[in-house]
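Here the structure comes first, spelled out in structure tokens, and everything after it is commentary.
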Amino acid sequence: MNAVSAPSGRTSRAAAAASRVLGVLPLISRIVAAIGGGYALAALFSVAVLALPASTIQAVIGGMLGSFAVYTGAVIWVFAVRSATRAWAGLIVAALLLLPLAWSVWTAAAPAASP
């Protein structure tokens, strides 16, 4: 009887360990979203502010100051929503809204290629 129960005991331990790992994955996903996604969103915001009709110095300072609020808001958002999927979706939607403004700044600042 011990020979029969030993494999099932190992299987149940492996299943319990796998269950714990799968239970932690959403938390790890939220942490990565908060750190990486929040940073990317703050960086996009700080560049996108340069596309606004203001002097360059005011836009740089406003972008730098605003990026702290955007990063903080992103971290709060990631842990406030119901699921990690919604957290990622919210960050992606916000990034897609800022991307055209940031892209216009990047392309305008690119030097022309000389022959």
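Keep in mind that what you see is a predicted model, and the values were worked out from it rather than measured. Computation of the quantities below employed the complete heavy-atom set of this structure, encompassing side-chain atoms and omitting hydrogens, waters and symmetry-equivalent molecules.
S46 OG to L65 CG: the interatomic distance, rounded to the nearest 0.5 Å, is 11.0 Å. With rounding to the nearest 0.5 Å, the separation of OG in S67 from CG in L44 is 11.5 Å. The CG atom of L52 lies 7.0 Å from the CG atom of L101; values are rounded to the nearest 0.5 Å. Once rounded to the nearest 0.5 Å, the distance linking CD1 of I61 with OG of S55 reads 8.0 Å. Taken from CG in L99 to CG in L41, the straight-line distance is 11.0 Å, to the nearest 0.5 Å.
Heavy-atom contacts from other residues, nucleotides or ligands closer than 6.0 Å to CG of L25 number more than 12.
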N/O donor to acceptor pairs below 3.5 angstrom from side-chain atoms of residues 69-91, sequence neighbours left out:
unit_1	atom_1	unit_2	atom_2	d
T72	OG1	F68	O	2.8
W77	NE1	A87	O	3.4
S83	OG	R86	N	3.2
W88	NE1	S29	OG	2.8

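Contact check for W106 versus L50: no side-chain heavy atoms found under the 4.5 Å cut-off.
By the criterion of side-chain heavy atoms lying less than 4.5 angstrom apart, applied directly or through intervening Ile, Leu, Val, Met, Phe, Trp or Tyr residues, L97 is not grouped with I92; the two fall into different hydrophobic clusters.
In terms of heavy-atom proximity, A51 sits nearest to V105 at N-CG2, 3.5 Å.
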